[in-house]
2 protein chains.
Amino acid sequence: MAAQSIRRETMGAQLVAMLRSAILSGEFAPGEPVTETALALRFGVSRGPMREAMRHLIDQGLLVTVPYTGTRVLDLSTADINDIYSMRICLEIFAFEQAWDRRDAAFRDEMAERHRKLLEAIDARDDVRAIDAELDLHGLAYEWCGNKLLLSSWDAVRGRLQLYWAAHHRAHGITGPLRESHDDYIRLACGDSLEAMKNEIHSHMRRGLDKTKAFVESLDEQRRQTSPNGRTK
Amino acid sequence: MAAQSIRRETMGAQLVAMLRSAILSGEFAPGEPVTETALALRFGVSRGPMREAMRHLIDQGLLVTVPYTGTRVLDLSTADINDIYSMRICLEIFAFEQAWDRRDAAFRDEMAERHRKLLEAIDARDDVRAIDAELDLHGLAYEWCGNKLLLSSWDAVRGRLQLYWAAHHRAHGITGPLRESHDDYIRLACGDSLEAMKNEIHSHMRRGLDKTKAFVESLDEQRRQTSPNGRTK
DNA sequence: TGATTGCAGATTGTCTACAATAAAAGCGTG
DNA sequence: CACGCTTTTATTGTAGACAATCTGCAATCA
């Protein structure tokens, strides 16, 4: 019944999706100020719904705002990366613990399917899609245990992660996930040893952390050289 | 409560606090519909800021909304309780792992201070304050590790927990935490064995889960008898 | 009798205009 | 040239009116 719904969604909800993808696609860079009027103009709506969508992303942590002063895209910081990745380890291990006994054929099929989509995006050299596919792949465990609270926490982490990876991609070009980087992950996630899977999560995250951290540090270095003040427009 | 003493904060931000405490104090019961106009009138503001505050609580999960139809306070459900408590175990153990080596004299002092406030509220038979104090006590570990992501996840859990406990309190009168219920928790949290603390968290949560679950089940029973129509979705 | 359709009320969604606030720019003065 | 004050401007905050949509009920018709 919902197949051919034309305007089933409210405007604000659509704006959230559009604005998020605009940020993650790099149209608005991390740290860059965004104003309600400008965005409203950009998306062809009034300030009301636009503001509402922005508040939603503020709640999610993708935007930060100072009352009566301004709003800007979340800036990249080395400190936050440790938080993000340690949180990932905690949540993903928990997700697998909860989902472990619920895994069935459908789970393994879905896992394979998402892996296929990831490989497809990598082969197509489509990094934006590859990033999304990798996060979808990791998201399966969270979805499978059916804990809404856990899922919303993962969403918060995912948003930030995507922001960092997208920035990384734009700075260094092709830097998406390697083709074989998830082979072990998939194998163990569908295997019989929860302990082995936990270890894989740890080492998987460790690799991701090192990579992401190195990038942001190089960015900090670069920024320090060009303008000691901060951002230039 | 002091309506508008100082206006350092923006109106919407104050409304969030007021509305939340109104919900948690039971002025608006779980499952009860709330309308923007009624609330705006109640707090003496326009629909704009009121709506904004409501959207914030919607993002936090304390309110649920259906487009063009209505908004209501989150309803109590037995299924969610398992999610909440398993999430609590996961997050709180992680918080102590992260904070463990950072604990110092200030940490132990603050822990003692919050425990003191909890006992004070219990002795004063002030259950609402006791609930808040207990959550503050548990919150210390989260605050201490300085992970913003973790803290926001804890906030989400805390809000729901508070909703359940407050409902419990209103239904059964004095049901707040017992005076000695946190002695072990405090002792081990300031002690030398992380493993012992993890065990304590597990058993502490187990007790809380059983108690809360029994309450909601009794509530479901009661609701099933009085009104068969039941507005469950 | 049963289903369908039209109507009324309520509620949220959106728009426009105006006020409050904070940061930046201008400017005179020592 | 630096300093402090005033003015300006950009931005968000708030208000009220209007439009779109949903729900329930009653009138209508086979």
Side-chain angles (χ1 to χ4, degrees), chain A residues 1-2 4-19 23 28 31-59 62-75 227 229-233, chain B residues 3-19 23 28 31-75 227-233:
Chain A
M1 58 175 71
Q4 55 211 9
S5 53
I6 37 179
R7 301 247 312 174
R8 225 80 198 122
E9 238 178 351
T10 177
M11 215 180 249
Q14 300 178 54
L15 283 175
V16 170
M18 289 193 211
L19 180 54
I23 292 173
F28 307 101
E32 182 179 331
V34 290
T35 67
E36 295 178 358
T37 44
L39 286 182
L41 203 69
R42 156 75 175 75
F43 289 110
V45 296
S46 171
R47 262 187 65 208
M50 194 68 246
R51 178 186 173 91
E52 188 166 313
M54 290 173 70
R55 302 317 280 219
H56 190 80
L57 292 187
I58 289 168
D59 283 340
L62 235 58
L63 296 177
V64 290
T65 186
V66 181
Y68 292 106
T69 304
T71 307
R72 54 183 50 199
V73 180
L74 179 68
D75 209 345
S227 72
N229 178 2
R231 51 196 57 82
T232 51
K233 182 61 176 69
Chain B
Q4 39 179 268
S5 44
I6 33 178
R7 306 217 346 172
R8 209 85 205 105
E9 247 178 343
T10 179
M11 215 179 250
Q14 300 179 55
L15 284 174
V16 170
M18 289 191 199
L19 180 54
I23 291 173
F28 306 101
E32 182 180 332
V34 289
T35 67
E36 295 178 356
T37 43
L39 286 181
L41 202 70
R42 156 76 174 76
F43 290 110
V45 296
S46 171
R47 260 187 67 206
M50 195 67 245
R51 178 186 173 91
E52 190 166 312
M54 290 173 71
R55 300 318 280 218
H56 191 80
L57 292 187
I58 289 168
D59 282 340
Q60 289 208 345
L62 234 59
L63 295 177
V64 291
T65 186
V66 180
Y68 291 107
T69 304
T71 307
R72 54 182 50 196
V73 179
L74 179 68
D75 210 345
S227 72
N229 71 349
R231 49 159 173 271
T232 38
K233 33 177 187 152

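Below, chains carry the letters A, B, ... as their sequence lines are ordered, and counting in each starts from 1.
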Which residues within residues 39-49 of chain A lie with some heavy atom under 4.0 Å of an atom in DNA chain D?
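Only R47(A) qualify.
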Output the rounded distance in Å from [atom1] ([X]) to [atom2] ([N]).
| X | N | atom1 | atom2 | result |
| --- | --- | --- | --- | --- |
| M50(A) | dT12(D) | CE | C1' | 14 Å |
| R51(B) | dG16(D) | CZ | P | 17 Å |
| R72(A) | dA10(D) | CZ | P | 17 Å |
| E36(B) | dA17(D) | CD | C1' | 15 Å |
| M54(B) | dT14(D) | CE | C1' | 17 Å |
| Q14(B) | dT14(D) | CD | C1' | 13 Å |
| E52(A) | dG13(D) | CD | P | 14 Å |

Taking only residues two or more places apart in sequence, or in another chain, which ones meet V64(A) in a side-chain contact (heavy atoms from CB on, under 4.5 Å)?
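V64(A) satisfies side-chain contact (heavy atoms from CB on, under 4.5 Å) with R72(A), L74(A) only.
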State which residues pass side-chain contact (heavy atoms from CB on, under 4.5 Å) with I58(A); sequence neighbours excluded, sorted by chain then number.
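Expected list: R55(A), L63(A), T65(A), T71(A).
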Show your working on side chain to side chain contact (heavy atoms under 4.5 Å, CB included) between L41(A) and M50(A) and close with a plain yes or no.
CA-CA 9 Å; L41(A) 203 69; M50(A) 194 68 246; over 6 Å; no
Got a sec, which residues hit side chain to side chain donor-acceptor pair (under 3.5 Å) with R47(B), two or more places apart in sequence or on another chain?
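So R47(B) forms a side chain to side chain donor-acceptor pair (under 3.5 Å) with E36(B).
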Is the phosphate of dG13(D), meaning OP1 or OP2, less than 4.0 Å from a side-chain N or O of R55(A)?
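Answer is yes, contact under 4.0 Å.
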Can you tabulate the close N/O pairs, meaning under 3.5 Å, that link protein atoms to atoms of nucleotides 8-10 of chain C?
none

Does anything in residues 56-70 of chain B form a salt bridge (charged side-chain N to carboxylate O under 4.0 Å, His left out)? List the pairs, not counting sequence neighbours.
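Sorted result for residues 56-70 of chain B: empty, none.
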Do L19(A) and I23(A) have side-chain heavy atoms sitting under 4.5 Å apart?
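In short, these two side chains touch, coming nearer than 4.5 Å.
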With heavy-atom distances below 4.5 Å as the criterion, would you say the side chains of R51(B) and E52(A) are in contact?
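In contact.
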Interatomic spacing from NE2 in H56(A) to CG in L62(A) - rounded to 0.5 Å:
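If we round to the nearest 0.5 Å, H56(A):NE2 and L62(A):CG are 10.0 Å apart.
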What heavy-atom pair brings A53(A) and L15(A) nearest, and what distance separates the two atoms?
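Heavy-atom minimum between the residues: CB-CB, 3.7 Å.
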Sugar-phosphate, base or nothing in reach of T71(B), heavy atoms under 4.0 Å
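Result for T71(B) = sugar-phosphate.
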